[in-house]
Asker: 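Structure in structure tokens, see below.
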Amino acid sequence: MEKMSEKRVVLLSTTLLLLIPLVVCDLSDYTGMTADDQQVFDLINQYRTETANVSALAFNKAAGCVAHEVAFKFKDNPCTNSTGANTLYGKEQIPDYVNILKTCDVSLDNVKGSQIQPNCLPSGLAPGSGPTVAARNITMDSGYQEYLNDSSYKSGGVGSVGSWYVLALATDQPDGNFGSTPGSLGTTNGQDPLHVSFFTFCGLLVLWIFAAF
Ligand SMILES: *[C@@H]1O[C@H](CO)[C@@H](O)[C@H](O)[C@H]1NC(C)=O
Ligand SMILES: *[C@@H]1O[C@H](CO)[C@@H](O)[C@H](O)[C@H]1NC(C)=O
Ligand SMILES: *[C@@H]1O[C@H](CO)[C@@H](O)[C@H](O)[C@H]1NC(C)=O
Ligand SMILES: *[C@@H]1O[C@H](CO)[C@@H](O)[C@H](O)[C@H]1NC(C)=O
């Protein structure tokens, strides 16, 4: 009996220990916009095509990743006066920006011509209304409009955590495309090589865990 439970404890703690890196693998892997983010993104594109008469933004996965990470950094900030019940355009400093870019495999040289704008929602909104309020705040504010009306932004992404919604706008130029290599061309990001090695690593980990039992 005693021996049995001891064995179980060992088994359980080994399993937990082995699971830790798996969870880490999962968290650092940005898979795309949530349904809420997509709704805000679609409404912004509706503004672009119907009101501003510029082309809809394509989804840029690296920009979405950065937007998500920025929202995550802001998540514990209350929507105070200084951040705005609805954030005043351009009043936010992004903390830990260099590490955010690293997480998303984006080079600093590839974001200089981009725009990243956090927006905070007031509390007490009706459940489920967050995305529409965020989109309305973003599209009705003249600070944001200056960029939303600009046809040089070709792609982007929305990320949100709690009350914070973040819009990242990318150009198709090397200095604003959220690419991973300085001077890289094209609108896509260079996340894929990282992902491949990441998935290989996580896959091997799973195999190893199965082998261990
Ligand atoms: C929308 O933009 C296109 C291309 O720039 C232009 O030809 C057209 O006149 C514009 N339409 C309106 C309603 O401004
Ligand atoms: C909050 O905003 C009001 C109105 O704009 C202003 O008078 C007040 O000084 C602000 N308070 C803080 C702490 O910034
Ligand atoms: C943002 O949303 C809040 C809540 O609906 C509203 O009171 C505020 O006026 C909005 N701000 C802008 C700039 O539209
Ligand atoms: C953006 O474009 C819309 C539609 O043309 C216009 O009403 C609005 O004033 C523009 N905003 C800015 C800041 O230029």
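Remember, it's 1-based here, ligands and their atoms both numbered in the order they're listed.
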Asker: Among all protein heavy atoms, pick the one closest to atom 1 (C) of ligand 4 and tell me residue, atom and distance.
Answerer: N149 ND2, 1.4 Å
Asker: Strictly inside 4.0 angstrom of atom 14 (O) of ligand 1, do you find any protein heavy atom?
Answerer: yes
Asker: For K73 and I100, what are the C-alpha separation, side-chain angles and deciding distance, and is it a side chain to side chain contact (heavy atoms under 4.5 Å, CB included)?
Answerer: CA-CA 9 Å; K73 289 284 176 215; I100 288 175; 3.6 Å; yes
Asker: Mind checking whether E146 has an N or O less than 3.5 Å away from an N or O of ligand 4?
Answerer: no
Asker: Which one of D37, V40, L43, L121 satisfies the side chain to side chain contact (heavy atoms under 4.5 Å, CB included) criterion with P131?
Answerer: V40
Asker: Measure the distances from the heavy atoms of Y147 to every atom of ligand 4 and state whether one is below 4.0 angstrom.
Answerer: no
Asker: Donor-acceptor pair, Q39 side chain versus T132 backbone, under 3.5 Å?
Answerer: no
Asker: Just heavy atoms, cut-off under 4.0 Å: does Y144 contact ligand 4 by side chain, backbone, both, or neither?
Answerer: neither
Asker: I need the atoms of ligand 4 closer than 4.0 Å to a non-hydrogen atom of Y47, numbered in the order shown.
Answerer: 1 (C), 2 (O), 3 (C)
Asker: Nearest protein heavy atom to atom 3 (C) of ligand 1, by residue and atom, and its distance?
Answerer: N53 ND2, 3.6 Å
Asker: Looking at atom 9 (O) of ligand 1, would you say a protein heavy atom lies below 4.0 Å from it?
Answerer: no
Asker: Which atoms from ligand 4 have a heavy atom of S142 less than 4.0 Å away?
Answerer: 13 (C)
Asker: Using 30° and 60° as the class boundaries, would you call the ring planes of W164 and F74 parallel, tilted or perpendicular?
Answerer: parallel
Asker: Looking at atom 5 (O) of ligand 1, tell me if a protein heavy atom falls under 4.0 Å from it.
Answerer: no
Asker: Can you list the steps and then say if V166 with V158 is a side chain to side chain contact (heavy atoms under 4.5 Å, CB included)?
Answerer: CA-CA 6 Å; V166 178; V158 169; over 6 Å; no
Asker: So, R48 side chain and S55 main chain: donor-acceptor pair closer than 3.5 Å or not?
Answerer: yes
Asker: Would you mind listing which atoms of ligand 4 come within a distance below 4.0 Å of any non-hydrogen atom of T51?
Answerer: 4 (C), 5 (O)
Asker: Side chains of Q46 and D42: any donor to acceptor distance under 3.5 Å?
Answerer: no
Asker: How far apart are the C-alpha atoms of S114 and F178, what are their side-chain angles, what is the distance that settles it, and do they pass the side chain to side chain contact (heavy atoms under 4.5 Å, CB included) test?
Answerer: CA-CA 8 Å; S114 70; F178 285 83; 3.4 Å; yes
